[in-house]
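The chains referred to below are lettered A, B, ... by the order of the sequence lines, with proteins before strands, and numbering in each begins at 1.
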There are 2 protein chains.
Amino acid sequence: MSRRRKTPVQIDVVEPAACSVDVRRAILQKVPFLNGLSASDIDVVNEQFREFGFEPGESIYFSGETAVNLYVVAAGQVKLLRHSVSGQDVLLDVLQPGDYFGNLSTLADDVYPDTAQAHTAVCVLSISSEAFRTLLSQYPSVALSVLDITTRRLRDTQKIVQQLSTDSAEQRLAAVLLKLADKLGEVTSDGILIQMPLSRDDLAQMTGTTTETASRIISQFQKEGVVHGGRQWIAITNKAKLEAIAGTEDPA
Amino acid sequence: MSRRRKTPVQIDVVEPAACSVDVRRAILQKVPFLNGLSASDIDVVNEQFREFGFEPGESIYFSGETAVNLYVVAAGQVKLLRHSVSGQDVLLDVLQPGDYFGNLSTLADDVYPDTAQAHTAVCVLSISSEAFRTLLSQYPSVALSVLDITTRRLRDTQKIVQQLSTDSAEQRLAAVLLKLADKLGEVTSDGILIQMPLSRDDLAQMTGTTTETASRIISQFQKEGVVHGGRQWIAITNKAKLEAIAGTEDPA
DNA sequence: CGCTACGTTGATCGCACTCAAGTATAGTGG
DNA sequence: CCACTATACTTGAGTGCGATCAACGTAGCG
């Protein structure tokens, strides 16, 4: 059997230059909640943003810090997580380019409830919460878009609460793989590849289990021919079966 | 020892008359996200609402139904829950007068992700999602208020995800009691009484456990003198200790 | 006054956590 | 180019929390 390559996941090179002022407008035009704005409006908005780059693992802000900014992912992926006192982290979301995070309320003494960490090399745009708030007042259509996105996230998070309350670790793992495949899936010779670096530990933090349990379940999935993966990557080879597992109980 | 009364929880009598057209304006004026509107604006909005009454246990809508309305609690309490295929329900939230629920997006083929059920006798006001959407466009300050409320709910729900992922059943129970006391607490001779009918089963559905486990833990809390409760009610007698339990681990 | 729903308590079982050791892979420097 | 190292991943053995099944007590309602 042939030797497997390092990882089938394509690592984007995010250079500082790729995040310069010149291309910011192009990025902003693709941000979902700004799609109601004209080119000249975008230019006005563009003025208010600053850009920053982060290496994988670097934190963009920590939970507990005074929350003064709103961020938009320009390139790369950002993890939102919460630390518990016992040391284990919970991974709430993995944000893609165009997603917002941070604070959008203007209460001065508000703090970030979660920590934002660069998962890959990322470029983010930032704006003060106050300025963003003004923007929302000026452009009601933007406010409604942001409201829709937030409502969608609330629903998704409520679904996770349900899964944590009623489903087994195996079911939750299957569900999270399907969700990621839906967002980042790419059909390859390995199956539906999830286009992001994804460790067993990441999966554990997303499903409320331990690294060991996640590893055992993924190994089991591999034996059953449901997924195919390696170090920091995973692909789905039998989506139907995975859906059956994620459902109420396996259909056996 | 003297005989205990039925329940110290005060049951509001919600009569149809208490929910009539005449008092709707008064109710709407107290709704948090409408507080930026003038009296005449309220009157215009008032025209668009209809009122409905429900008995305890009745469903206002079911998950899966086409989502066409947005609701506001006028009186009583409404439970938001999700059913799992295995038959167990997850209680996501208990809504108070002034809280909104239902659908606020206007995608025609959208369905309710959760079920709304009257917890007590309730009166709700309803408006079509479309009309509410128009309202949000006309009054940007209302849209921002709704966005703030939704963001707050998202954060609260994310906290629950963390608790389900990292905390023990005992810790989650303590945390939910403290949260309810914060919202509905009333100082009485029994301690901080949670002003709502609250069964062991409700607590179980809020914390992702079973009725039996919730009962065992509440019994334990009673032995430790932390809470005091009976059929469908509970009061906190030692808040500091409960907070210690809800924290990382008991301080022993 | 009996029926029904809520609550309690006990016994048993199993999923997933914990602790522990060991393997494999990718990047690093000689 | 290859040994070296760090990190990811795997696998095993033992344990315990909480689910499940079961039976019984109890309060409130009609």
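- Among residues at least two apart or in separate chains, there is no salt bridge (charged side-chain N to carboxylate O under 4.0 Å, His left out) pair with a member in residues 225-235 of chain A.
- The residue Ser219(A) sits close only to the backbone: its heavy atoms come under 4.0 Å of sugar-phosphate atoms, none of a base.
- Taking every heavy atom of residues 197-206 of chain B and every atom of DNA chain C, pairs under 4.0 Å involve Ser199(B), Arg200(B), by number.
- Asp99(B) places a side-chain N or O within donor-acceptor distance of the main-chain N or O of Gln96(B), the cut-off being under 3.5 Å.
- Among pairs with a residue in residues 179-188 of chain B, those fulfilling salt bridge (charged side-chain N to carboxylate O under 4.0 Å, His left out) read Asp93(B)-Lys183(B), at least two apart in sequence or across chains.
- As a whole-Å value, the separation of Phe221(A) CZ from dT10(D) C1' is 16 Å.
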Show me the donor-acceptor pairs within less than 3.5 Å that the side chains of residues 211-219 of chain A make with the rest of the protein, sequence neighbours left out.
{"residue": "Thr211(A)", "atom": "OG1", "partner": "Asp201(A)", "partner atom": "OD1", "Å": "2.4"}
{"residue": "Thr213(A)", "atom": "OG1", "partner": "Thr210(A)", "partner atom": "OG1", "Å": "3.1"}
{"residue": "Ser219(A)", "atom": "OG", "partner": "Ser215(A)", "partner atom": "O", "Å": "2.9"}

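- Atom CD in Gln232(A) sits roughly 15 Å away from atom C1' in dT10(D) (whole-Å rounding).
- Checked by atom type and distance alone, the side chain of Thr115(A) pairs as donor or acceptor with a backbone atom of Ser63(A) at under 3.5 Å.
- Rounded to whole angstrom, the span from the CD1 atom of Ile234(B) across to the C1' atom of dC6(C) amounts to 14 Å.
- At whole-Å resolution of the value, CG in Leu173(A) and P in dC9(D) are 13 Å apart.
- Residues forming a side-chain contact (heavy atoms from CB on, under 4.5 Å) with Ala174(B) (at least two apart in sequence, or on another chain): Phe221(B), Leu242(B), Ile245(B), Ala246(B).
- Side-chain contact between Leu177(A) and Leu203(A) is present, with heavy atoms from C-beta onward closer than 4.5 Å.
- Put simply, the side chain of Leu198(B) does not reach to within 4.5 Å of the side chain of Gln232(B), judged on heavy atoms.
- Counting only residues at least two apart or on different chains, the salt bridge (charged side-chain N to carboxylate O under 4.0 Å, His left out) pairs with a member in residues 73-83 of chain A are Lys79(A)-Asp202(A).
- Atom CZ in Arg231(A) sits about 5 Å away from atom C1' in dT25(C), given to the nearest Å.
- Under the side-chain contact (heavy atoms from CB on, under 4.5 Å) criterion, Gln88(A) pairs with Ser84(A), Ser86(A), Thr166(B), sequence neighbours left out.
- Inter-axis angle, ends of the helix from dC1(C)-dG30(D) to dG30(C)-dC1(D), five pairs per end, rounded to 10 degrees: 40°.
- For Tyr71(B), the ring-ring contact (aromatic ring centres under 6.0 Å, His included) partners at least two apart in sequence or on another chain are Tyr61(B), Phe101(B).
- Judged by distance alone, the side chain of Thr120(A) and the main-chain N or O of Gln77(A) form a donor-acceptor pair under 3.5 Å.
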> Can you give one letter per nucleotide of nucleotides 10-20 of chain C, 5' to 3': B if a protein heavy atom sits under 4.0 Å from the base, S if only from the sugar-phosphate, - if neither?
Replying inline: BB----SSBB-
Under 3.5 Å, which N/O atoms of the protein pair with N/O atoms of nucleotides 1-3 of chain C?
none

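- Pairs of residues two or more places apart, or lying in two chains, that qualify as salt bridge (charged side-chain N to carboxylate O under 4.0 Å, His left out) and include a residue from residues 149-162 of chain A are Arg152(A)-Asp156(A), Arg155(A)-Asp110(B).
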